[in-house]
Every structure is written in structure tokens, then in C-alpha cells.
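Note that these values count all heavy atoms, side chains included, but never hydrogens, waters or copies made by symmetry.
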Amino acid sequence: MLSVCLITRNEEASLPRALQSVRDVAGEIIVADTGSTDRTDQIAKDFGATVVHFPWCDDFSAARNFAIGQAHGDWIFWLDADEELLPESLSELRSSMARTEALAYFVRRQDLQDANRLDYFTTMWQLRLFRRREDLKFIGRCHPHFEPSEWEVAEKTGQQVLQSPITMRHYGYVGELRPAKLQRGARLLEMELRDHPGQLYYLVEFGRTLLVLGEEKRGHEILCQAMAQVIPRLNEAEIAGPVVAQLLEYFLMLPAERLPAGLTAELLEAVTRRWFLSSAPLVWLLARRAADSGQLEDSERLLRRLVQMGAEQSYDQWVSFDPRLVGSDAKLNLGVCLVRQNKIEEARSIFTGLLASPDRAREAQ
């Protein structure tokens with residue numbers, strides 16, 4: 001049996017969409033409400049969900065673990081109230097649970113940037129389907145993860161952590177919804193770092209969140225603390241992926257005089273080209289730097305890479321980013337780069353193709 005689990009608070013607007021998307025596949029739905037004052041509880045009950053109440057304690061992992069603790073299914077599918085499971089994924093979800101060698105699955109999440117454009121998203125892997133086990137418990141006040149990790153548990157059980165074509169759609173990055181989430185996230189990230197100082201992932205998330213909230217000085221200081229952990233490892237054969245990529249993204253945008261001690265623009269670029277040529281935001285920054293320095297052939301190669309990654313969805317899918325970086329913006333800038341090299345006919349073709357773009361038609365014209 002599958003238990004679909006959610007935590008909620010004042011989600012009456014989005015909850016019906018989420019619950020409707022899973023009602024045909026769920027053996028039970030567990031909604032752990034953390035203090036709603038709207039119709040969230042009643043909506044959940046109308047969909048047949050079991051509603052339990054969890055006093056909010058500034059800890060998403062505690063709330064998630066409480067919800068999972070009420071479940072009876074062999075499998076857990078974790079769903080947020082601002083998400084939905086796509087209809088074509090129902091059969092795939094059922095077949096995924098039938099595989100005895102599987103402990104857990106990463107599924108695809110489409111992160112929408114505009115609620116009115118279902119084609120305007122990037123895809124990100126999320127661990128959402130997993131067996132109900134006592135040793136799969138979340139930790140972390142914000143951005144919960146398993147400890148011990150799903151990989152450690154899989155090694156112990158002789159099972160596997162797999163990737164699945166199961167796909168969800170996420171509405172939480174839509175512009176008007178972001179500020180309150182960011183402020184809450186910053187507060188929880190700061191609390192997490194106060195409880196457990198020095199965690200690289202949380203330092204990077206906290207610093208980036210502060211920057212988006214306009215606290216540039218403090219955000220810079222936090223990201224410099226994170227980079228101080230990474231600099232001694234930049235010449236290693238391997239380095240942690242997504243969190244370091246996000247850190248490099250920030251420093252690649254800075255002038256040389258603002259870089260912390262031990263870090264140079266040349267080293268940043270070398271590390272990026274060595275490890276992160278599937279990271280769309282980093283390839284975008286490399287292309288821009290190359291164009292700004294007059295290295296148009298290099299910029300052209302990098303922009304073509306972005307366009308190809310967008311067409312094939314072959315970009316790194318562990319972090320979310322603006323989909324225009326592998327779509328209309330990559331094409332527009334490739335066209336400009338071609339014009340600057342007097343490759344007029346191909347540029348004309350690219351600009352003509354963009355005339356129907358909702359984002360860049362005016363610039364293309």
C-alpha cells in the first residue's frame with residue numbers, strides 16, 4: 001500500500017490540486033496540519049485524508065517524521081501542498097513500488113516559473129518515493145534530508161536508490177509566492193546553523209537566500225565562510241556537486257577585488273570548466289565572461305552547449321534555475337554572438353525562430 005504524506009498550513013488554495021492528483025493511487029493520505037486557520041483541514045477530510053495535528057516547532061523534519069509516523073503503507077510518497085503528481089505518472093508509480101530491489105526513488109519535479117505557462121520550467125530530481133522504514137528519518141530544520149542517508153540504508157539492505165520518470169509539477173517558485181517563503185527559509189536556515197555550525201550546504205543556502213532578500217553584505221559574508229571550506233579542495237580529483245556549483249555561481253559574478261583570499265578569477269573558471277559544464281547557470285556565466293573579453297568563438301561554443309542542453313534536457317538536474325538560460329536567452333545571445341562574428345545567415349535564422357517567443361520576441365525583432 002502507498003501512503004501519500006503532506007504537511008500543511010493554510011493551504012486551501014493549492015491543496016485540492018495536490019490531493020486530486022494522488023487520490024487514485026494512494027492507499028491512504030496523511031495530512032499533518034501545523035496550525036491552519038483556513039479551510040485546509042476540511043478540504044483534506046473531503047478528499048478522504050486522515051488529518052493529524054502537529055504543533056509547529058520551526059522544524060520541517062520533525063513535522064515530516066511525525067506525518068510518516070502516522071502512515072501504514074509499505075511505501076511513502078512525499079508531496080508538498082504546492083505540488084501535483086502528473087496523471088501520466090500514476091502507472092509508473094505503481095510499477096516502481098513493485099520492484100523488490102528498490103529502496104527509494106528520485107522523481108522528476110518540474111519547477112514552474114509562471115503559473116500561466118506550464119511549459120516554462122526546469123526539471124529537478126527529488127527523493128520522494130521510499131519504503132517506510134524506521135531508519136529512514138529526516139533531519140534538518142529546512143531542506144530536510146535523510147540521516148543516515150538513503151545510500152547508506154540501501155547498502156545495508158542490499159537494495160538500490162533509483163531514478164524514475166515519475167513526474168511532479170511544483171508551483172512554489174511562482175513569483176508572488178516567493179517572498180514569504182524566502183523569509184521563513186532564512187530564519188530556519190539561521191536556526192539550523194546555530195544548532196549545527198559550519199554545515200556547507202546550509203551555509204550556501206543561507207547566503208543565497210539572504211542575497212535574494214536584499215541583505216547583500218551579510219549574504220556575501222556567509223558565502224565567503226562557505227568558500228573558505230571549499231578552497232583547500234579545489235584541486236582535488238573530485239568535489240561535491242550541486243552545493244559547490246551554486247557557490248561558484250555567486251563568485252563567478254563578482255569582480256576580482258571582491259573575491260576572498262585564495263580565490264582568483266582564473267581558478268574559478270578553471271574549476272568550473274573542469275567539473276561543471278553540465279550546470280546551466282555556470283555555463284551561462286562562462287559564455288558571458290568569454291563574450292565580455294572578446295573571446296567570441298568560445299562564447300559561441302558555450303551558448304551552443306546551452307541550447308543543446310535545453311533541447312535534450314541534458315543539463316544538471318540537481319538544482320533549479322531560470323529555464324530561459326537553456327531556451328530563449330541562450331538562443332538570443334547565440335544570435336548576437338554570431339552577428340558579432342559576421343555569421344549573419346545563421347543569426348537571422350535564430351532570431352526568426354524567436355519571433356514567436358513570449359520572452360524574447362521584441363529583442364529578436
Partners of Ser14 by side-chain hydrogen bond (donor to acceptor under 3.5 Å, both in side chains), sequence neighbours excluded?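 Only Glu11 meet the side-chain hydrogen bond (donor to acceptor under 3.5 Å, both in side chains) criterion with Ser14.
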
So does [Y] get a backbone contact from the side chain of [X], meaning a donor-acceptor N/O pair under 3.5 Å?
X: Gln159; Y: Thr100; answer: yes
X: Asp33; Y: Asp41; answer: no
X: Ser357; Y: Asp359; answer: yes
X: Thr122; Y: Pro323; answer: no

For residues 18-29, dump all side-chain donor-acceptor pairs below 3.5 Å to protein atoms at least two apart in sequence or in another chain.
residue : atom : partner : partner atom : Å
Gln20   : OE1  : Arg23   : NH1          : 3.3
Ser21   : OG   : Ala18   : O            : 2.7
Ser21   : OG   : Leu85   : N            : 3.0
Glu28   : OE1  : His72   : ND1          : 3.3
Glu28   : OE2  : Ser3    : OG           : 2.6
Glu28   : OE2  : His72   : N            : 2.6

Ring centers of Trp318, Phe106 separated by less than 6.0 Å: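 Yes.
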
Ring center gap for Phe138 and Phe146 short of 6.0 angstrom: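 Yes.
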
By the definition side-chain hydrogen bond (donor to acceptor under 3.5 Å, both in side chains), identify the one residue from Arg169, Arg109, His170 that meets it with Glu83.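 Testing each of Arg169, Arg109, His170 against Glu83, the sole residue satisfying side-chain hydrogen bond (donor to acceptor under 3.5 Å, both in side chains) is Arg109.
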
Side chains of [X] and [Y] only: does a donor on one sit below 3.5 Å from an acceptor on the other?
X: Arg108; Y: Gln126; answer: no
X: Ser278; Y: Asp316; answer: no
X: Glu221; Y: Gln225; answer: no
X: Ser149; Y: Glu152; answer: yes

Arg324: salt bridge (charged side-chain N to carboxylate O under 4.0 Å, His left out) partners, not counting sequence neighbours: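 Salt bridge (charged side-chain N to carboxylate O under 4.0 Å, His left out) list for Arg324, sorted by chain: Asp322.
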
Can you tell me if CD on Gln341 sees more than 12 non-hydrogen neighbours from other groups inside 6.0 Å?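 Enclosed: over 12 neighbouring heavy atoms sit under 6.0 Å from CD of Gln341.
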
Are there more than 12 heavy atoms of other residues, nucleotides or ligands under 6.0 Å from atom CD of Glu101?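 Yes - once you tally the heavy atoms of other residues, nucleotides and ligands closer than 6.0 Å, there are more than 12.
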
[X] vs [Y] side-chain heavy atoms within contact, under 4.5 Å:
X: Thr34; Y: His53; value: no
X: Trp151; Y: Lys156; value: no
X: Cys224; Y: His220; value: yes

Face-on cation placement of Arg17 at Tyr171 ring, 6.0 Å and 45° thresholds: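 Arg17 over Tyr171 ring: yes.
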
